[in-house]
Amino acid sequence: MTTNNARYNGKASFEEWKKEWDLEERYNFHKIEEKWQRIWEAEKAYKVEIDKNKEKFYALVEFPYPSGAGLHVGHPRSYTALDVISRKKRMQGFNVLYPMGFDAFGLPAENYAIKTGVHPAVSTKANIENFTRQLKSIGFSFDWDRCINTSSPEYYKWTQWMFIKFFEKGLAYKDKIAINWCPSCKVGLANEEVVNGCCERCGAQVVRKNKEQWMIAITKYADRLISDLDDLDFIERVKSQQVNWIGRSEGAELDFEFGDDKLTVFTTRPDTAFGVTYMVLAPEHEFVQKYMSRFENPAEIQAYVDETAKKSDLQRSQNESKTGVELKGIKAKNPYNGDTIPVFISDYVLTGYGTGAIMAVPAHDQRDYDFAKAFNLPIIQVLDGGDISQHAFEEDGPHINSSFLNGMNKEDGMRAAIDYAVKNGFGRSKVNYKLRDWVFSRQRYWGEPIPMVYCEKCGWQPIPESELPLTLPEVPDYHPNDEGESPLSKAGDWLNATCPKCGGHARRETDTMPNWAGSSWYFLRYCDPHNDKEFASKEALDYWMNVDWYNGGMEHTTLHLLYSRFWHKFLHDCGLVPTKEPYNKRTSHGMILAENGEKMSKSRGNVINPDDIIDAYGADTFRLYEMFIGPFDQVAMWSDESLMGVYRFVNKVYGLFAKVDKTLQPSTDDLRQMHKTILDVTDRIDQMKFNTAVSSLMTYVNYLSGKEKIAAELYTALLKLMSPFTPHLAEEMWARMGNDTLIVAESWPKGDKALAQDNVVTMAVQVCGKMRGTIEVPAESSREDIEKAALNLDNVKRQIEGREIKKIIVVPKKIVNIVA
RNA sequence: GCGGGCGUGGUGAAAUUGGCAGACACGCUAGACUUAGGAUCUAGUGUCGUGAGACGUGUGGGUUCAAGUCCCUCCGCCCGCACCA
């Protein structure tokens, strides 16, 4: 497979080729990196197939959206980290799948089309080519034969197919709900895409808009999305953020009499029901309009409802004090004690959570307390403790003023209160979630068409599987409109379809899917990317799944990461994938900031372009610097000066080759340094402590630099250890050492703990915990010898003079502490 | 408010998980080689002190022969969620 021509850069033999290199003393990274990238590609060095004789390892990084700006220095932090891990695993004999692709649907391409008229498919293609060129120039070990593109019909055919599965199982449904509408992007957003009441993408303030939307019932999976986290090796902050986002709370639903109707509330503290002094409905609650004619103050009520409707969620949450209006004319009755209590509407009660109505316990909830103070309502303490003349008492205490609950603690009180409600038919225990169903419609062009048609007679119907993929039609222009109609509504004939059920006329859905759709299952497609019969074969899924290690940004924790776990679980329930979770291990990298600690952005003009760095210092230096920049999981500041330090190091490694003497045998000291380094680097890569893995390589190189001549074995080990970080340089020097194999296919060196052991150790000697000197003793010295050596130090003698030695603590190979 | 995390030199950071604090690198200082240097090499570099030495991991306390590491107190910073009943 290897052609000497490719390997030896056009020269007939290794000897001839080597001669040319001997003339070149400078580290010519341009030449080296280009050469090895060409050879890897020609030899398909990173191509991977199912091989049941080998243990598989599936490494995954989040595939990029191919923006016009190209790669920034943040992408390669994640990609290099898993490239290092993948390369090491490969050398350790694993069958490694490390794929790359493009999450290619999205708004920027569409906005660009609106501005320039260039079809999104055209600009996306150009951007993907640019990204591919950049990624290849960094020398990642991706299997490019598996590259996927979510905007290609061969791919989104299966995204649409899966949507139909959601529909068939009743998890995709159309509903008219108040959604988050971004007036700037003119598109509806999922809850997860709203940050502080603003559009995650453009920052415009989100407003409420009632629209018919496709929804996917992710809430049905809420409990499993929490409980199944237990068995996963996810970093803690990812787990806790997901749990937090899903927001499970246990409590009860209680029915209060409201006129001759029933008003149901959700509460996490039914045991405080004897402290209820009033109730509050969200202004949007259905009872407000339903009983408007029976209220004594309808004008006042309607005015408040209208005022609230005008406010954004952000404004609503920024209220300084509590506002509201009493619903005069109808009272409620507390089912626990029969008390008649007033009912209010207030915007501090949210329509989307629980039942949109609450029982207010002002003594033990600060919000209710504030409202009660503002409206002069009674405050009844039912838990002992605190000082409710000042503020609500929100901690736990024994029940008081609570009839049969008196004296009970929280746990018993809860149980007793719910039992009583159940027995008397006015309540039941209930679990509530903050998580909402997934708003799945986007009023946009550049996304997957939703494969549904509407028939007047039969309602919404999925198109037959034989018609997939339902490809995007051409449209005269890409503008969305203010009414929230997708550009696809201008697609003319495309809109007309036949109802698959009755054969009558039907109209196509014109909304498209959110950009999270394609990325929700892309890791499955990598297993079998060219399959045109299935989204992936059972054989491929059985062999490759799960993803063993997934690295990506924290910003996707409650978006992509949650969506894709849910999507995968759904496919599992359908019997389509073998596992219930997609990712075994999830880690996350810190952001890379500009030199002054600011975020890199086009507007600040502080963006570092990887192309420039690679051109000036080479891909190997760039890769190594990204790994050395700081702890992988923390934010890091870019520094040109630190980059220079890494460049110097790479040059040093290159220069050491001149000292290699193949006739020389390594000394025991040499071997000790080598094995120490092997053990350190191996261990630190596994733990993602890349910065310290690099520093131990530096320490080793400093050791080798101090020698006149270097035994070949020592340099070879260095090259192997460096090959995951600086693959081009390692490959080059490996060839110059006279090898005609690829170092990336060589085996990873094995560290020998016994050989790494020092036979003479330096031990610290303390007197009463204070450092007074060091002793050098053989590693296996007896306790007596160590004590004798320690007590023999001049400095120690001086310190203990005239004092009685009470105790000597000896920790072998570490420390001696003389207590006097 | 709730949840997660952090605090170590001039700077980025290490510390085998309770055992010589500051590895590695940047920067700086001095010197060498240079026509020159964002090049290279050598030495130094936590603070105070000529020195022996003393002090030193945000604050104050505790456990221990021994604490950056464990426990308690307070202060400060970052991230996520946030009127979620």
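This one's a predicted model, so the numbers in the text were calculated from it and none came from an experiment. In what follows, every chain begins at residue 1, and chains take the letters A, B, ... in the order their sequences are listed.
- Applying the salt bridge (Lys or Arg N to Asp or Glu O under 4.0 Å) definition to pairs two or more places apart or across chains, those involving residues 265-284 of chain A are R269(A)-D271(A), R269(A)-D396(A), E284(A)-R316(A).
- Which of C20(B), A54(B), G3(B) sits closest to the side chain of A764(A) comes down to C20(B).
- For the residue pair E62(A) / H560(A), no side-chain donor-acceptor distance below 3.5 Å is found, with atom types taken as modelled.
- For F29(A) and Y654(A), the ring centers are positioned 6.0 Å apart or more.
- If you check every strand for non-hydrogen atoms under 4.0 Å, V243(A) touches nothing.
- Residue contacts for T762(A): at a heavy-atom cut-off of 4.0 Å it reaches a base atom on one of the strands shown.
- Atom pair D365(A):CG and G1(B):P shows a separation of 15 Å (rounding to whole Å applied).
- Of the listed nucleotides (C24(B), A54(B), G38(B)), A54(B) has the atom at the smallest distance from the side chain of R772(A).
- In this structure, the nucleotide among C83(B), C81(B), C24(B) sitting nearest to the side chain of N702(A) is C24(B).
- When heavy atoms are screened at a 4.0 angstrom cut-off, K322(A) is found touching base atoms of the nucleic acid.
- With 3.5 Å as the limit, one finds no donor-acceptor pair spanning the side chains of D370(A) and Y348(A).
- Among the heavy atoms of the strands, none lies under 4.0 Å from G354(A).
- No side-chain donor-acceptor contact under 3.5 Å links T308(A) and D347(A).
- Remark on RNA chain B: of its neighbouring residues N795(A) and T774(A), the 5'-side contact belongs to T774(A), judged by nearest-heavy-atom nucleotide.
- Set against C20(B), A85(B), G80(B), the side chain of L350(A) has A85(B) as its closest nucleotide.
- For the pair K322(A) and F371(A), the cation does not sit on the ring face, since its NZ or CZ is not both under 6.0 Å from the ring centre and inside 45° of the axis.
- Summary of the strand contacts: M698(A) and V194(A) both lie near RNA chain B, and taking for each the nucleotide with the nearest heavy atom, the more 5' one is attributed to M698(A).
- The base of C81(B) is not paired with the side chain of K434(A) by any donor and acceptor separated by under 3.5 Å.
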Filtered N/O pairs between nucleotides 4-14 of chain B and protein, under 3.5 Å:
{"from": "G12(B)", "atom 1": "O2'", "to": "I629(A)", "atom 2": "O", "distance (Å)": "3.1"}
{"from": "A14(B)", "atom 1": "OP1", "to": "N691(A)", "atom 2": "ND2", "distance (Å)": "3.0"}

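- Within the nucleic acid shown, K813(A) has no heavy atom closer than 4.0 Å to any nucleic acid atom.
- Nucleic acid contact for Y617(A): base, since at least one base atom lies under 4.0 Å from a heavy atom of the residue.
- For the OP1/OP2 pair of C65(B) and a distance below 4.0 Å, the side-chain nitrogens and oxygens of K814(A) include no atom meeting the criterion.
- In this structure, Y703(A) and Y700(A) have parallel ring planes: the angle between them is below the 30° cut-off, well short of the 60° mark.
- Residue R798(A) is in sugar-phosphate contact alone, with no base atom involved, counting any heavy-atom pair closer than 4.0 Å across all strands shown.
- Side-chain proximity of R648(A) to C26(B), C41(B), A21(B): nearest is C26(B).
- You'll find that the side chain of K807(A) is closest to C65(B), out of A25(B), C65(B), C20(B).
- Within 90° of 0 lies the glycosidic angle of U17(B), which makes this nucleotide syn.
- In this structure, T268(A) reaches the sugar-phosphate backbone alone: every heavy-atom distance under 4.0 Å involves primed, P, OP1 or OP2 atoms, never a base.
- Side-chain nitrogen and oxygen atoms of Y348(A) include none within less than 4.0 Å of the OP1 or OP2 phosphate oxygen of A85(B).
- The residue V819(A) sits close only to the backbone: its heavy atoms come under 4.0 Å of sugar-phosphate atoms, none of a base.
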